[in-house]
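So the structure is just underneath, and the comments pick up after that.
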Amino acid sequence: MLRSAAGKLATATITTIITMAAFRASCAADPVADFYRGRQVSLIIAHEVATGYDIYARLLARHIGRHIPGNPTLVPQNMLGASGINGANLLFNISPKDGSAIGTFAHTVPLDPLIGQGVAKFDASKFNYLGNMEESVGVCAIWHEAGIASLADLQVKETRFGATAITGPPSAMAAALKNLLGAKVRLIHGYKGAPGVKLAIEKGEVQGICGMPMSTLRAQWSDVLDSGKVKPFIQLSGTKGALPDVEFVYDQAKTAEDAQVYDLIFGILRLGKIFAAPPGVPAERVKALRDAFDASMRDQELLAEAAKQRIDISPAPGNAVAGFIAGIYKTPPAVVERAKKAVAYE
């Protein structure tokens, strides 16, 4: 009986060893972690340094690596031009399709093939969207000495608004106010991001800017916002009442089609800070990146750092971003045509 018991014990021990070895092997055989371990991942930021997009992207870069299997290092790289479209073109067409490159660009960039200037060289539906860090409440803001407090004022008094490229949100949204609502907007293009427009406003070259997220105003324009020198005077996106003392542009919509046009031009601001990988990335790596993005949005260290920088974190997952953009591309052709004409500045 002792021999029998010993034999059973030996067999159980061998079985346990084999089971543990198999378990360890299965843990070690993680192809996603193996791919990312010791790797650098490029984070293409399709905007100037120190813009809102840059600040959000660098915040994510400091934290998301902890949540990607294999813990790679994220390396931010600014790629400028055409208000984010050049960076998106690079990410879609040139960046490696293996998960070693991701990027961020303005919310208007996915719309360029639909209502833009034809600069985009990508199919917006084929990006692998990882998520959105902020659902922006977008505004038009004005210098306190401009004599403008409402849309009605802007409809009678010509006012200079600063913009980056003609493809960018400040141009498109100010042009829409002009073309849809009769605002007397004179656009001055060529500034290097929102910081360049801010400096131009303070110098008196221009008097306002459109398409600005409130989070950017609070974080980067706090000196002139808190002092009352710059004031948001039209709310372009978000829930009505989010800014109780600011006029809501959707109140100007007279028909259901008007509201659809506004959704296409202004509603896209809800995609405040989107992140994507190129098409063709293996599905298991896309899932890992999406899971890592979602985990980062709950990361207490990231949230604490965001609070210190006075930037909002109001995230949406990658599948929600992809679904929203897919819905935009189902907009009726007549609405698309109206929106395309509205954002063209002449």
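Since we're looking at a predicted model, the values are computed, not measured.
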Practice task
Would you confirm whether Glu134, through its side chain, and Ile274, through its main-chain N or O, come within 3.5 Å as a donor-acceptor pair?
Solution key: no

Practice task
Verify the distance criterion only: is there a donor paired with an acceptor across the side chains of Tyr191 and Glu205 at less than 3.5 Å?
Solution key: yes

Problem - Enclosure of Lys97 NZ (heavy-atom neighbours >12, cutoff 6.0 Å) - result: yes

Practice task
Kindly assign one of parallel, tilted or perpendicular to the pair Tyr262 and Phe266, based on the angle between their ring planes and the thresholds 30° and 60°.
Solution key: perpendicular

Problem - Trace of the salt bridge (Lys or Arg N to Asp or Glu O under 4.0 Å) decision for Lys330 with Asp263 - result: CA-CA 12 Å; Lys330 295 177 182 177; Asp263 283 343; over 6 Å; no

Problem - Euclidean distance, Leu130 CG relative to Lys287 NZ, rounded to 0.5 Å - result: 13.0 Å

Exercise for the section: State whether a side-chain donor-acceptor pair under 3.5 Å links Asp312 with Ser314. Expected result: no

Handout entry: Side-chain (His47) to main-chain (Phe105) donor-acceptor, under 3.5 angstrom
Key = no

Completion exercise
Between the CD atom in Glu305 and the CD atom in Gln309, the distance rounded to the nearest 0.5 Å is 5.0 Å

Handout entry: Within 45° cone and under 6.0 Å: Lys240 NZ/CZ vs Phe248 ring
Key = no

Problem - Residue pair Ser136 / His107, side-chain donor-acceptor N/O under 3.5 Å - result: no

Completion exercise
Rounding to 0.5 Å, atoms OG1 (Thr159) and CG (Leu177) come to a distance of 11.0 Å

Practice task
Any chance you could measure Asp251, atom CG, to Ile234, atom CD1, to the nearest 0.5 Å?
Solution key: 11.5 Å

Exercise for the section: With rounding to the nearest 0.5 Å, note down the distance linking CD1 in Ile209 to SG in Cys140. Expected result: 9.0 Å

Handout entry: Contact check, side chains of Leu181 and Gln155, non-hydrogen atoms, under 4.5 Å
Key = yes

Exercise for the section: Give a yes or no on this: more than 12 heavy atoms of other residues, nucleotides or ligands lie within 6.0 Å of atom CZ of Arg186. Expected result: no

Practice task
Please work out whether the ring planes of Phe161 and Phe233 are parallel, tilted or perpendicular, with thresholds of 30° and 60°.
Solution key: tilted

Handout entry: Arg39 side-chain N/O to Phe35 backbone N/O, donor-acceptor pair under 3.5 Å
Key = yes

Exercise for the section: For Thr167 and Ala82, indicate whether the former's side chain and the latter's backbone hold a donor-acceptor pair under 3.5 Å. Expected result: yes

Practice task
Could you tell me whether Asp34 and Arg285 make a salt bridge, using a distance below 4.0 angstrom between a side-chain N and a carboxylate O?
Solution key: no

Problem - Distance (rounded to the nearest 0.5 Å) between Ile102 CD1 and Leu60 CG - result: 6.0 Å

Handout entry: Electrostatic pair Arg66:Glu301 at N-O distance under 4.0 angstrom
Key = yes

Problem - Minimum heavy-atom distance Gly116-Lys340, with the two atoms named - result: O-CE, 4.0 Å

Problem - No-hydrogen, no-angle side-chain donor-acceptor test under 3.5 Å, Arg58 and Asn78 - result: yes

Practice task
Spell out, as yes or no, whether a donor-acceptor pair under 3.5 Å connects the side chain of Ser150 to the backbone of Asp153.
Solution key: yes

Exercise for the section: Answer yes or no: is there a side-chain heavy-atom contact under 4.5 Å between Asn179 and Lys341? Expected result: no

Exercise for the section: Evaluate the side-chain proximity of Val75 to Leu43: yes if any heavy-atom separation is below 4.5 Å, no if none is. Expected result: no

Exercise for the section: Decide whether Asp299 and His67 meet the rule of one side-chain donor and one side-chain acceptor closer than 3.5 Å. Expected result: yes

Completion exercise
In short, Ala174 meets Leu187 closest at the heavy-atom pair CB-CD2, 3.9 Å

Exercise for the section: Mark yes or no for whether Asn89, through its side chain, and Asn86, through its backbone, hold a donor-acceptor pair below 3.5 Å. Expected result: no

Handout entry: Under 3.5 Å side-chain donor-acceptor pair for Tyr129 and Asn319
Key = no

Practice task
Could you tell me whether a side-chain N or O of Asn71 sits under 3.5 Å from a main-chain N or O of Gly65, the two making a donor and an acceptor?
Solution key: yes

Exercise for the section: Indicate yes or no for a side-chain donor-acceptor contact from Glu247 to the backbone of Leu151 under 3.5 Å, with no hydrogens or angles considered. Expected result: yes

Problem - Short side-chain to backbone donor-acceptor contact, Glu135 and Ala316, under 3.5 Å - result: no

Handout entry: From CA spacing to verdict: salt bridge (Lys or Arg N to Asp or Glu O under 4.0 Å), Arg298, Asp294
Key = CA-CA 7 Å; Arg298 301 186 298 269; Asp294 293 344; 5.5 Å; no

Handout entry: Pairwise side-chain contact, His189 with Thr164, heavy-atom cut-off 4.5 Å (strictly under)
Key = no

Problem - With Phe92 via ring-ring contact (aromatic ring centres under 6.0 Å, His included) - residues at least two apart - result: Phe127

Problem - Main-chain N/O of Ala276 paired to Asn128 side chain as donor or acceptor, under 3.5 Å - result: no

Practice task
May I ask you to say whether Lys229 pairs ionically with Asp223, meaning some side-chain N is under 4.0 Å from a carboxylate O?
Solution key: no

